[in-house]
Amino acid sequence: MEWRRGQTIGRGSSATVSMATCCGCNHIFAVKSVELSQSELLQREQSFLCNLSSPHIVSYKGYDITCENDKLMYNVKMEYVAGGTLGDVVRAKGGKLDEAMIKGYTYQILQGLQYLHSSGIAHCDIKGANILIGESGAKLSDLGCAKWVNLAATATIGGTPMFMAPEVARGEEQGFPADIWALGCIIIEMATGGFPWPNISDPMSILYKIAYSGKSPDFPEFLSQQAVDFLSKCFKRNSNERWTVKQLLKHPFLEDYSLGRKQNQEFNTCSPTSILDQGVWNAIEEESEFFVRTRSLNSCPDHRIGCLSIDSRVAQWTWEETWITIRENNDGNEDKSLWVNNSYGW
């Protein structure tokens, strides 16, 4: 299929996301691209996407290799989701969503997680910036940190520190329960427009607090008792006690919720129909990735947390509109390298 690259809508050192159109029919989709020589992470994401088919996961359209400006580019083609990220929606609504909208998005995110978990996949980087909003509601995106839970060889740690579960912050394990903890963090994000651990200035302090304080994020006081109880099931510090997707879908907080009732009212964003409609696309700038430290998975938790902040640049991380994402560059060797970037959903 011949296609034409359009406006850049997301940029990072690991990949660039652009609008694209099919030559001849002007069908619009998104293309995530990186130089072929640096495409290991994107190829990993493609290996997950090509096996998935769910209305609650951004859909896969194929991949190819192109030659552009004398460089070989690896391209993964995906559906274009017009409404931006969940974080965009929260900001557009004045910094917080009403509880009815929170219920609707929570229900849809859970449906996406149910599909992934039933397929044996943990997302490992659930956050508002990785939830895209289309006409039909919420879709999970960015599977760059995803893993097959039942494969011992993938027992690695990735994701965003602010949204990590205690067992992940300690470097012990990362499975389905970690996605549930992150879902609780997203609910706080939707309810307050803020982060689950406010007033903490550096990632190392956040990781230590999550790992060892014995505490969970504070619940917004204005939420209903049902919502508070739902959050309490997400934030069980013992991962074995944390509720599963199946259990949460049956929680009274989501009981009898008519998905279409609110979504038809709120999701009225229209996708552009031609490349001339590029004015609706907002470019997203990301800062460069850099190596933090090479480590072994067997290193102690204190050493692992220390390695995340030992680089002088890490101390200047902020928790504004861009968040830190840690990605593993898994080359099959014993030592694993951590990538860190300010990720905004791609």
Side-chain angles (χ1 to χ4, degrees), residues 84-99 101-103 105-106 109 123-131 138 142 145 157-170 177-237 239 242 253 284 286-287 301 305-306 308-309 313-326 340-345:
T85 70
L86 181 55
D88 295 332
V89 172
V90 173
R91 286 186 289 274
K93 293 292 183 180
K96 64 180 182 179
L97 305 183
D98 62 50
E99 192 159 309
M101 290 190 72
I102 292 173
K103 285 183 182 183
Y105 287 127
T106 299
I109 293 168
H123 186 285
C124 299
D125 199 16
I126 291 292
K127 59 185 179 183
N130 285 342
I131 309 298
D142 197 341
C145 289
I157 299 302
T160 301
M162 184 70 76
F163 293 79
M164 282 183 175
E167 68 274 12
V168 180
R170 292 192 296 267
D179 284 345
I180 299 303
W181 179 281
L183 172 66
C185 294
I186 285 183
I187 292 175
I188 292 177
E189 184 183 355
M190 288 191 286
T192 67
F195 304 112
W197 301 99
N199 305 319
I200 302 179
S201 59
D202 66 275
M204 181 170 151
S205 296
I206 290 168
L207 288 168
Y208 267 109
K209 187 176 183 69
I210 295 171
Y212 301 121
S213 70
K215 298 180 179 179
S216 301
D218 293 332
F219 299 170
E221 296 180 355
F222 51 83
L223 290 178
S224 68
Q225 187 57 46
Q226 285 186 342
V228 169
D229 187 72
F230 185 95
L231 278 173
S232 72
K233 310 307 184 190
C234 296
F235 286 133
K236 296 288 186 182
R237 289 190 60 87
S239 62
R242 215 168 293 150
F253 176 59
I284 300 169
E286 294 181 327
E287 296 181 8
I305 292 174
L308 291 176
S309 61
R313 289 167 292 184
V314 177
Q316 300 177 22
W317 288 348
T318 61
W319 305 104
E320 300 293 335
E321 294 187 1
T322 54
W323 299 318
I324 303 302
T325 297
I326 304 167
V340 179
N341 76 316
N342 285 347
S343 174
Y344 196 80

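Given the structure is predicted, the values throughout are model-derived calculations rather than measurements.
- Both tests pass for K96 against the ring of F222: distance under 6.0 Å to the centre and angle within 45° of the axis.
- H123 places a side-chain N or O within 3.5 Å of a backbone atom of D142 that can act as its donor or acceptor partner.
- In the displayed structure, D229 atom CG is contacted under 6.0 Å by more than 12 heavy atoms of other residues, nucleotides or ligands.
- Nearest heavy atoms, I102 versus L223: CD1-CD2, 4.5 Å.
- At distances below 3.5 Å, not a single donor-acceptor pair connects side-chain atoms of S239 with backbone N or O atoms of P177.
- Taken to the nearest 0.5 Å, the SG atom of C185 stands 11.0 Å off from the CE atom of M190.
- In this structure, P220 and T192 approach most closely via the heavy-atom pair CG-CG2, 3.6 Å.
- Between Y105 and L86 there is a side-chain heavy-atom pair separated by less than 4.5 Å.
- The distance from the CD1 atom of I210 to the CH2 atom of W197 is 6.0 Å, given to the nearest 0.5 Å.
- Between the CD1 atom of I126 and the OG1 atom of T160 there is a distance of 10.0 Å, given to the nearest 0.5 Å.
- Interatomic distance, CD1 of I206 versus CZ of F163, reported as 10.0 Å (0.5 Å rounding).
- At distances below 3.5 Å, not a single donor-acceptor pair connects side-chain atoms of R237 with backbone N or O atoms of A165.
- Distance check, rounded to the nearest 0.5 Å: CD of E167 to CZ of R242 gives 4.0 Å.
- Minimum interatomic distance between P196 and I188 (heavy atoms only, all atoms of both residues): CA-CG2, 4.1 Å.
- Interatomic distance, I186 CD1 to T106 OG1, rounded to the nearest 0.5 Å: 8.5 Å.
- The minimum heavy-atom distance between C124 and C145, with the atom names listed, is CB-O, 3.3 Å.
- Closest approach of F253 to E99, counting heavy atoms only: CE1-OE2, 3.7 Å.
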